[in-house]
Amino acid sequence: MNIFAAKLNYDTTDETLQAAFEEFGEVDSAKVIMDKFTGRSKGFGFVEMSNDAEARNAINALNDSELDGRTIVVKVAEPKGDRPQRRERY
DNA sequence: AATGAGCGT
């Protein structure tokens, strides 16, 4: 189950996400997207959970919750190449 | 190399 987490604190890293989701289930892997130039967080990340039930549970619990002082948004992730409306962003 | 909705080096 791929999970999408956004509005993260810029200080939030993979381990922070990992720890947050591990409270509710078995985390396969957690990754915060980092900017290639600045090396800092882009403000969102992805979490892979092998157990779908735990994944949904984690989403319910962590969505609109607080992480590193920021209210984050947790949803089910979309397939990678399924964002045609994605523009040049700015 | 900043920023604060959005879906990945």
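Sequence lines set the chain letters: A, B, ... in the order given, protein chains first and strands last, and positions in each chain run from 1.
Following rounding to the nearest Å, A/Asn63 (CG) and B/dC7 (C1') show an atom-to-atom distance of 15 Å. For the pair A/Asp64 CG and B/dG6 C1', the interatomic distance rounds to 16 Å; values are reported in whole Å. Between the CG atom of A/Asn9 and the P atom of B/dA5 there is a distance of 14 Å, given to the nearest Å. Rounded to an integer number of Å, the gap from A/Lys7 NZ to B/dT3 P is 17 Å. Separating the CD atom of A/Glu48 from the C1' atom of B/dC7 is a distance of 13 Å, rounded to the nearest angstrom. For the pair A/Phe4 CZ and B/dA5 P, the interatomic distance rounds to 12 Å; values are reported in whole Å. For A/Leu17 and B/dC7, the CG to P distance is 17 Å, given to the nearest whole Å. Spacing between atom CZ of A/Phe46 and atom P of B/dC7 amounts to 9 Å, rounded to whole angstrom units.
Nucleotides of DNA chain B nearest to A/Asn2 and A/Arg70 differ in position, and the one nearer the 5' end is that of A/Arg70.
The residue A/Ile3 sits apart from the nucleic acid: no heavy atom pair falls under 4.0 Å. Among the protein residues, A/Ser41 comes within range of the nucleic acid bases, having at least one heavy atom under 4.0 Å from a base atom. Heavy atoms of A/Arg40 sit under 4.0 angstrom from primed sugar atoms or phosphate atoms, though from no base atom. Contact annotation for A/Lys36: backbone-only contact, meaning every heavy-atom pair under 4.0 Å involves sugar-phosphate atoms and none involves a base. Using a 4.0 Å heavy-atom criterion, one finds that A/Val76 contacts the bases of the nucleic acid, with or without backbone contacts as well. When heavy atoms are screened at a 4.0 angstrom cut-off, A/Asp35 is found touching no nucleic acid atom at all. Using a 4.0 Å heavy-atom cutoff across all strands shown, A/Val73 reaches at least one base atom of the nucleic acid.
One side chain, A/Ser50 or A/Glu26, offers a donor N or O that lies under 3.5 Å from an acceptor on the other.
For A/Lys42, the listed nucleotide lying nearest its side chain is B/dT9; candidates were B/dT9, B/dA1, B/dG6. Comparing atom distances between the A/Tyr10 side chain and each of B/dA1, B/dT3, B/dC7 picks out B/dT3 as nearest. Nearest to the side chain of A/Thr38, among B/dT9, B/dA5, B/dA1, sits B/dA1.
Applying the side chain to side chain contact (heavy atoms under 4.5 Å, CB included) test between A/Asp68 and each of A/Thr16, A/Thr13, A/Leu8 identifies A/Thr16 as the sole match.
Note: A/Arg70 CZ to A/Asp11 CG = 9.5 Å, rounded to the nearest 0.5 Å. Atom CG of A/Asn57 sits about 8.0 Å away from atom CE of A/Met49, to the nearest 0.5 Å.
Within the 4.5 Å cutoff, side-chain heavy atoms of A/Ile3 are placed close to those of A/Phe21.
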